[in-house]
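Worksheet: one structure, shown below.
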Amino acid sequence: FRRVLFRSFIMTINMSSNHHVKGSAQKRRDLLSVILRSALTAIIFCQELPGKFKTKVVPKGYEYRENKPEAAVMWDSNHFDGSSEGLETDNPELTELSDKKGHASELLSRISMVKLTPLGQERNESILAVSFHGPYIGKTKKERSEIFQSLAEFLDKVIKLRRIRSYIVGGDFNFDTQEVEPPDEVVIASFESSPD
């Protein structure tokens, strides 16, 4: 989280690592569909998108932005208006944003971003919602932590460039984010993991 006060139910889900379902991709999609349709969640951050994501997983009444196969942000269209204009991962302005550790290009292949504006509120202050699927294979814990730090630095630049006040990130970081010192003004919220 970056300087954000937020009062909505949020879920993050790695869609390919469900250990409760053995067997076909169809069974996994069916379980995901049941989970997502039964949840009263305003924003869903998705990682490792399955096949037929749009037709078999996205709940009715939700919109989404994806960066296949790594990440997607879904939101309840009754609660938010969403726009990804200028936030596409191939946008030249974003690809020019770089960080001193050289992780920006890798970040763009692993994130999905959308500007969400709450509906029906007096102050409709937008937030940048970001789904991130952190690398694991071939990366040490230290490197994964550095990529996390680079993500925060990169998103600071994005919100400044796009004049959005704050951001919220959900994802599979592939390391315990509570074991690192977050950058200034970044808050790692408490969360509840499902039994796995």
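Sequence positions, counted from 1, serve as the residue numbers for this chain. Both backbone and side-chain heavy atoms feed into the values below; hydrogens, waters and symmetry mates do not.
- Taken from CG in Asn67 to CD in Glu88, the straight-line distance is 11.0 Å, to the nearest 0.5 Å.
- A donor-acceptor pair under 3.5 Å is absent between the side-chain atoms of Thr89 and the main chain of Ser109, judged by distance alone.
- Ion pair Glu66/Lys54 not flagged as a salt bridge, since none of the NZ, NE, NH1 or NH2 atoms sits closer than 4.0 Å to an Asp/Glu carboxylate oxygen.
- Atom OG of residue Ser83 and atom CZ of residue Arg162 lie 10.0 Å apart, to the nearest 0.5 angstrom.
- Within the 4.5 Å cutoff, no side-chain heavy atoms of Phe45 are placed close to those of Asp172.
- Distance CD1/Ile147 to OH/Tyr136: 13.5 Å, rounded to 0.5 Å.
- Counting only distance, with no hydrogens or angles, the side chain of Arg144 and the backbone of Lys139 share a donor-acceptor pair below 3.5 Å.
- In this structure, CD1 on Ile168 lies 12.0 Å from CG on Leu155, to the nearest 0.5 angstrom.
- Between Lys157 and Glu153 there is no salt bridge, since no side-chain N of the basic residue sits under 4.0 Å from a carboxylate O of the acidic one.
- Rounded to the nearest 0.5 Å, atoms CG (Leu49) and OG (Ser131) are 7.5 Å apart.
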Intermediate values then yes/no, side-chain contact (heavy atoms from CB on, under 4.5 Å), Leu161 and Leu94: CA-CA 9 Å; Leu161 177 69; Leu94 296 186; 4.0 Å; yes
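- For the residue pair Asn14/Glu48, the side-chain donor-acceptor check at 3.5 Å is satisfied.
- With 3.5 Å as the limit, one finds a donor-acceptor pair spanning the side chains of His133 and Glu70.
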